[in-house]
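For reference, the structure is listed below as structure tokens.
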Amino acid sequence: PSPVVVFLAAIAAAAPISACNSRPKVEAPDEAIVGEWKCPANGSAVTFSSSGLYSLTLKDQPRPVMGSFKFDPEEGMLTLQTRRESPFCADDIGSYRVHIGGVSLDSELVRDTCEKRAKIFAVRFERSGSPRAAGAK
């Protein structure tokens, strides 16, 4: 084959590799929120992982509510989006103003299309476990 054909074949082979490398990197959530938080008042627990996913377990719910989250520590704004296959509030989005103080997490409802989740997040959560343990999940 001619040098031009070899050159074009090399570019074509490298194109998918460079396309993979050009994807924007997902920013890891702020470590202040990463970890497991439990609520003594209602028995629920929420885990925020370093991958940007959250899992909400409830005493009376056999399956956890799963979804993604974004947390802006400067604004104190937490946005939750429930996954389609979750046991309730599928695809719903909620926004909360969050204050993290040492081992406690308090949230104030900004807007949530899921009434059940809004009630769950209306109370104080306390840190349970280390932030690093949640990041490994």
**Request:** Walk me through it: do F121 and Y96 pass the test ring pair (Phe, Tyr, Trp, His ring centres under 6.0 Å)?
**Result:** CA-CA 9 Å; F121 276 91; Y96 297 84; 5.3 Å; yes
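- Between K119 atom NZ and C114 atom SG the span is 10.5 Å, to the nearest 0.5 Å.
- Counting non-hydrogen atoms of neighbouring residues, nucleotides and ligands closer than 6.0 angstrom, the NZ atom of K70 reaches no more than 12 such neighbours.
- In this structure, CG on L53 lies 11.0 Å from OG1 on T47, to the nearest 0.5 angstrom.
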Could you list the donor-acceptor pairs under 3.5 angstrom formed between side-chain atoms of residues 71-81 and any protein atom two or more places apart in sequence or on another chain?
residue	atom	partner	partner atom	Å
D72	OD1	E74	N	3.0
D72	OD1	E75	N	3.3

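- Of the possible polar contacts, none joining the T82 side chain to the A90 backbone as a donor-acceptor pair under 3.5 Å is found.
- Taking CG of L56 as the reference point, atom CZ of F88 lies at 5.5 Å (rounded to 0.5 Å).
- Between F48 and F69, the ring planes lie perpendicular to each other; the angle is over 60°, past the 30° to 60° tilted range.
- Around the CD atom of E115, the shell of radius 6.0 Å holds no more than 12 heavy atoms that belong to other residues, nucleotides or ligands.
- S44 has its side chain within reach of F125: a pair of non-hydrogen atoms, C-beta onward, lies under 4.5 Å apart.
- In the hydrophobic clustering (ILVMFWY side chains linked at under 4.5 Å, chained through shared members), V123 stands by itself.
- Applying the salt bridge (Lys or Arg N to Asp or Glu O under 4.0 Å) definition to pairs two or more places apart or across chains, those involving residues 102-113 are D106-R124, D112-R117.
- Between S107 and V98, the closest heavy-atom pair is CB-CG2, 4.1 Å.
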**Pair K116-Q61, side-chain contact (heavy atoms from CB on, under 4.5 Å): steps then yes or no** = CA-CA 12 Å; K116 188 170 184 175; Q61 185 74 39; 3.8 Å; yes
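- Taking each heavy atom of A45 and K38 in turn, the nearest pair found is CB-CG, 3.9 Å.
- Note that the CE atom of M66 and the OG atom of S86 stand 7.5 Å from one another [nearest 0.5 Å].
- Residue Y54 is not grouped with residue V110 when hydrophobic side chains (ILVMFWY) are merged at heavy-atom distances under 4.5 angstrom, including chains of intermediate members.
- A heavy-atom distance below 4.5 Å is not found between the side chains of C39 and E126.
- Interatomic distance, CD of E31 versus OG of S50, reported as 6.5 Å (0.5 Å rounding).
- If you take CG on D91 and CZ on R83, they are separated by 11.0 Å, rounding to the nearest 0.5 Å.
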